Amino acid sequence: MLTSRPRGTEDILPEEVGRWYLLENTAREVSRLYGYREIRTPIFEHTELFNRGVGDTSDIVEKEMYTFIDRGGRSLTLRPEGTAPVVRAFVEHSLEARGLPVKLFYLGPMFRYGRPQAGRLRQFHQFGVEAFGSRDPALDAEVIALAMDFYARLGLKDLELHLNSVGCPDCRPAHREKLKAYLRPRLDDLCPTCQGRFERNPLRIFDCKSPACREIVRGAPTVAASLCPDCAGHFDRVQEYLKALGIDFILDEHLVRGLDYYTRTAFEVMVKGIGAQSSIGGGGRYDGLVAALGGKQVPGIGFGLGLERVLLALETQGRELPPEGGVDVLVVTAGTGVDLAAFRLLAGLRAAGIRADKDYLERSLKGQMKYANRYPARMAVILGEEELARGRVSVRRLDTGSQEEVPLAGVVDYCRKMKESGC
RNA sequence: GUGGGUGUAGCUCAGUUGGUUAGAGCACCAGGUUGUGGCCCUGGGGGUCGUGGGUUCGAGUCCCAUCUCCCACCCCA
């Protein structure tokens, strides 16, 4: 092969595109149902946006970004996630001036450099929402409910919603110190990466999967225990709202999201059976991010979910996904001197909203019928030399094999009726 | 970035201790006599054996390098 697609990317082929329509349509539908409007931001941004927005200590920024210098000498980066760009657009266009809250959703490709594996690509697609301008815990619950609704509409089952609060700038430092005090005497027993995290971002040690770290972390002071009264109250209210909607969740004090901007509510949705990467979505509150990116003090909350992983989960759960392709009518010719009439009929069918096609490889009548069968087409309209001279054509149903001769002038209507009656 | 596995027609795979023109099934195309699909029969097209080196009289088979894909770690969606 002279050239192939770049590592960790995928072509979505025609037979797979139907399931993408389903995902995208469901995402748009459910978003609008909840009052969210679509925003489309560039695929690349100034690198600085992600350095400041996602966080210098995050793995995404440290080693997973597609960063390049353009011909004007600017450092640009293919977006690795959706929140920072949306916040940037929010600030840049002063969207708060339109009246708060501002509720937005996005859909599109993201890029992260890493070794591909099950459920992990270098270019992948995310659906996400961001809501700006309210600290109301009901909004936290709404965002979570929207995500869960999206999964439910697609028919996904056996999901686990993990929920935590990571506190705010008021209570986090205190917890951080308590945690460090607890960890310090045990520092030597932590894995090498976590020893590095100890100073920079000790919360992340909760996330570590190494058995040694897990064991140490088990007895560590939890965030929940050191939340300030405001954060604790907020967290309680979020839980009440979720319960009111009948949404089950698992309190998970070890849940610490990898992006640095989260405050208070953090959540993640897990599903089994799609490989080692079991997270199919997550998000949280980021009350300081808009200000950190140069905007006003506007709170925010959102989620992002990976469409490829959703697809993987749907497949392992045996959910039937819609096929794509096929045509209502294949226009078939027999004999000579009928090509122009056939071509006109094809245009007429299409103008009437009937999906139609014809053979372009000069196949024999038999070959055209085989083509119709394989296409697949529901009907074949056959223009034969003799009938056409009498102004008539034949319409054959491919499923039953029944065939009827109808006037050429009425064949478009005939096909439309057949289609409407479910042929 | 680390580790393990993998790579032969469009797809799924055979290919003996290195030995002539690399095979099968499916798919595709054409036929099976007058203008009709699905089944069956016959025939046909299609492969730089991932790529680049090397060993050898001779390499799909052995060696080295490299790339891809798969899986796991890391991290996350």
Side-chain angles (χ1 to χ4, degrees), chain A residues 1-10 13 15 54 57-65 79-83 108-128 147 151 191-194 196-197 204 207-210 213 255-259 268-271 274-283 303-313 330 332-336 338 359 361-388 393-403 405:
Chain A
M1 184 92 50
L2 196 62
T3 61
S4 59
R5 64 188 192 276
R7 183 166 199 198
T9 64
E10 271 178 349
L13 299 174
E15 55 269 30
V54 178
T57 62
S58 68
D59 282 304
I60 292 179
V61 170
E62 280 185 341
K63 49 187 200 193
E64 292 178 0
M65 295 210 300
R79 62 180 187 197
E81 56 96 52
T83 299
M110 305 292 164
F111 306 84
R112 289 183 205 172
Y113 189 92
R115 276 271 184 99
Q117 76 184 74
R120 190 171 66 193
L121 293 164
R122 288 179 174 181
Q123 178 179 161
F124 61 102
H125 295 79
Q126 278 193 337
F127 159 49
Y151 298 127
C191 75
T193 23
C194 283
R197 284 167 174 159
R204 289 287 303 285
D207 235 2
C208 187
K209 279 155 193 124
S210 102
C213 295
L255 172 60
V256 181
R257 312 251 330 140
L259 287 63
E268 195 159 335
V269 182
M270 321 278 250
V271 66
I274 60 169
Q277 312 298 322
S278 56
S279 168
I280 54 168
F303 72 74
L305 58 84
L307 263 18
E308 281 83 357
R309 288 190 188 170
V310 169
L311 229 36
L312 274 177
L330 191 81
V332 169
T333 59
T336 55
V338 299
D359 163 59
L361 292 179
E362 300 178 297
R363 278 183 255 249
S364 65
L365 176 58
K366 187 175 178 176
Q368 291 177 73
M369 292 307 293
K370 282 189 171 186
Y371 183 46
N373 191 57
R374 192 188 59 237
Y375 200 113
R378 276 130 67 120
M379 294 170 264
V381 174
I382 304 158
L383 281 78
E385 204 175 334
E386 292 159 25
E387 293 98 315
L388 196 62
V393 299
S394 294
V395 180
R396 184 182 181 89
R397 289 182 59 139
L398 276 294
D399 54 350
T400 61
S402 63
Q403 186 167 325
E405 200 179 277

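Lettering follows sequence order; numbering is per chain, from 1. The analysis underlying the following values was restricted to heavy atoms, covering all of them including side chains, and did not include hydrogens, waters or symmetry mates. Nothing here was measured: the structure is a model prediction, and the numbers come from that model.
In this structure, A/E268 places its CD atom 9 Å from C1' of B/A77, rounding to the nearest Å. With rounding to whole Å, A/L307 atom CG is found 14 Å from B/A77 atom P. A/M369 has its CE atom 15 Å from the P atom of B/G35, to the nearest Å. In this structure, A/D59 atom CG and B/C73 atom C1' are separated by 13 Å, rounded to whole Å. Between the CD atom of A/E405 and the P atom of B/U36 there is a distance of 15 Å, rounded to whole Å. For the pair A/N373 CG and B/G37 P, the computed distance is 10 Å after rounding to whole Å. Put simply, CD on A/Q368 is 10 Å from P on B/A30, counting in whole angstrom units. Between the CZ atom of A/R79 and the P atom of B/A77 there is a distance of 15 Å, given to the nearest Å.
No contact: A/L361 has no heavy atom under 4.0 Å from any strand. When heavy atoms are screened at a 4.0 angstrom cut-off, A/G275 is found touching the sugar-phosphate backbone but no base atom. At the heavy-atom level, A/A118 lies under 4.0 Å from the strands shown only through sugar-phosphate atoms. Residue A/F303 is classed as having no contact, given no heavy-atom separation below 4.0 Å to the nucleic acid. Within 4.0 Å (heavy atoms only), A/G128 reaches no atom of the nucleic acid at all. Among the protein residues, A/R122 comes within range of no part of the nucleic acid, since none of its heavy atoms lies under 4.0 Å from any strand. Heavy atoms of A/I280 sit under 4.0 angstrom from primed sugar atoms or phosphate atoms, though from no base atom. Here A/K366 lies in heavy-atom contact (under 4.0 Å) with a base. Across all strands shown, A/G384 has heavy atoms under 4.0 Å from base atoms, whether or not it also approaches the sugar-phosphate. Among the atoms of the strands shown, only primed sugar atoms or phosphate atoms (P, OP1, OP2) are found under 4.0 Å from some heavy atom of A/G8.
In this structure, A/E15 places its CD atom where more than 12 heavy-atom neighbours from other residues, nucleotides or ligands lie under 6.0 Å away.
For B/U36, the base has a donor-acceptor partner in the side chain of A/Q403 [N/O atoms by modelled type, under 3.5 angstrom]. A donor and an acceptor atom sit less than 3.5 Å apart, one in the side chain of A/E387 and one in the base of B/G35. Judged by distance alone with a 3.5 Å cut-off, a donor-acceptor contact links the side chain of A/Q117 to the base of B/C74. Contact annotation: side chain of A/R374 to base of B/G37, donor-acceptor pair absent below 3.5 Å. Interface remark: the A/R5 side chain does not form any donor-acceptor pair with the B/C69 base, using a distance-only criterion of under 3.5 Å. A donor-acceptor contact under 3.5 angstrom links the side-chain atoms of A/R112 to the base of B/A77.
Rounded to the nearest 0.5 Å, atoms CD (A/E10) and CZ (A/R122) are 13.5 Å apart. Atoms CZ and NE2, from A/R309 and A/H125 in turn, are 14.5 Å apart once rounded to the nearest 0.5 Å.
Rounded to a whole angstrom, the distance from the C1' atom of B/C41 to that of B/C70 is 41 Å. B/U20 and B/G60 have their C1' atoms separated by 15 Å, given to the nearest Å. Here the separation of B/G45 from B/A24, taken at their P atoms, is 12 Å to the nearest Å. Rounded to a whole angstrom, the distance from the P atom of B/C40 to that of B/U48 is 30 Å. Going from the C1' atom of B/U55 to that of B/C62 covers 8 Å, rounded to whole Å. Separation of the C1' atoms belonging to B/C29 and B/G37 is 16 Å when rounded to the nearest angstrom. With C1' as the reference atom, B/U21 and B/C49 are 15 Å apart, rounded to whole Å. Comparing B/A59 with B/G50, their P atoms are spaced 15 Å from each other, to the whole Å.
Side-chain atoms of A/I280 and A/L305, non-hydrogen and from C-beta on, never get closer than 4.5 Å to each other. Counting heavy atoms from C-beta outward, A/L398 and A/Y375 have side chains that stay 4.5 Å or more apart. A heavy-atom distance below 4.5 Å is not found between the side chains of A/K370 and A/R363. Residues A/R115 and A/Q117 form no side-chain contact, since every pair of their non-hydrogen atoms from C-beta on lies 4.5 Å or further apart.
Of the candidates B/G35, B/A77, B/U36, the closest approach to any side-chain atom of A/E386 belongs to B/G35. For A/Q277, the listed nucleotide lying nearest its side chain is B/C76; candidates were B/G35, B/G37, B/C76. Distance from the side chain of A/K370 is smallest for B/G38 among the nucleotides B/C29, B/G38, B/G35. Of the candidates B/U36, B/U68, B/G38, the closest approach to any side-chain atom of A/R7 belongs to B/U68. Closest to the side chain of A/R115, from the set B/U36, B/C69, B/G1, is B/G1.
Residue-to-nucleotide proximity on RNA chain B shows that, of A/G335 and A/S364, the 5′-proximal contact is made by A/S364. Taking the nucleotide of RNA chain B with the nearest heavy atom to each of A/L365 and A/I274, the more 5' of the two is matched to A/L365.
Of the options A/E81, A/K63, A/R79, a side chain to side chain contact (heavy atoms under 4.5 Å, CB included) to A/R112 is made by A/E81 and by none of the others.
A/T9 and A/Q123 are not linked by any side-chain donor-acceptor pair at a separation below 3.5 angstrom, with hydrogens and angles left out of the test.
With a 3.5 Å ceiling on both atom-pair distances, B/U34 lacks any Watson-Crick or G-U wobble partner. Base pairing annotation: B/G3 forms a Watson-Crick or G-U wobble pair with B/C71, both donor-acceptor distances under 3.5 Å. Of all nucleotides present, only B/U12 satisfies the Watson-Crick or G-U wobble test against B/A24, with each distance under 3.5 Å.
Residue ring and base: A/Y371 does not count as stacked with B/G37 (centre distance below 5.5 Å and interplanar angle below 30° not both satisfied).
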